[in-house]
Amino acid sequence: MLCKPFETPIRVWVGLGFPRQLNTVVDAYQFALDWCGNSPEQRAAIRACKAALIGDIEPETARGVFVAFARKKDILIEDGAIPLAVGKAWPTHV
């Protein structure tokens, strides 16, 4: 199964402070590949996602490695860091 979902999605900051949710190993893999840089944490995240995609490790193991990468790069959105817009519209500016 190529699309291996995480039990809990990973949320990261992208661009100019826009949140992005990564729901699957493929999402995390693509994000890590696209990330500018070549740090040991990034390479570990890419290797872990690849391993999960071919079934060598569990998706949650890859998730943990990716979370460590995102935390090190200060792009991880920790639980409760931003409010979810449930039942309310985002404010608009005129």
Those residues at least two apart in sequence (or on a different chain) that pass side-chain hydrogen bond (donor to acceptor under 3.5 Å, both in side chains) with Arg71 are Glu78
Between Pro5 and Pro59 the two heavy atoms that sit nearest each other are O-CB, 4.1 Å
Exactly one candidate in Val65, Val25, Thr24 meets side-chain contact (heavy atoms from CB on, under 4.5 Å) with Cys49; the answer is Val25
Salt bridge (charged side-chain N to carboxylate O under 4.0 Å, His left out) filter on Arg20, not counting sequence neighbours, yields none
Going through the distances and angles, do Ile75 and Phe31 end up as a side chain to side chain contact (heavy atoms under 4.5 Å, CB included)? CA-CA 12 Å; Ile75 59 170; Phe31 185 91; 3.6 Å; yes
Practice item. Show the numbers, then the answer: is there a side chain to side chain contact (heavy atoms under 4.5 Å, CB included) between Tyr29 and Ile46? Key: CA-CA 6 Å; Tyr29 178 67; Ile46 291 169; 3.8 Å; yes
When every non-hydrogen atom of Ala28 is compared with those of Leu22, the smallest separation belongs to CA-CD1, 4.1 Å
- Considering only heavy atoms from C-beta outward, does the side chain of Phe6 approach that of Phe66 to under 4.5 Å? no
Q. In terms of heavy-atom contacts, does CG of Asp34 have more than 12 from other residues, nucleotides or ligands at under 6.0 Å?
A. yes
Those residues at least two apart in sequence (or on a different chain) that pass side-chain hydrogen bond (donor to acceptor under 3.5 Å, both in side chains) with Asn23 are Gln21
| task | Using the rule that two of Ile, Leu, Val, Met, Phe, Trp, Tyr join whenever any of their side-chain heavy atoms come within less than 4.5 Å, decide whether Ile57 and Val26 are in one cluster. | result | no
ask   = Counting distance only, does the side-chain N/O of Glu41 pair as donor-acceptor with the main-chain N or O of Lys72 below 3.5 Å?
value = no
Query raised in the report: Any side-chain heavy atom of Thr8 within less than 4.5 Å of one from Arg63?
Result: yes
Quick check against the 3.5 Å criterion: does Gln42 have a side-chain atom that pairs as donor or acceptor with the backbone of Asn38?
yes
**Item:** Residues, nucleotides or ligands: over 12 heavy atoms within 6.0 Å of Glu60 CD
**Value:** yes
Correct closest heavy-atom pair for Ala62 and Ala52 would be CB-CB, 3.8 Å
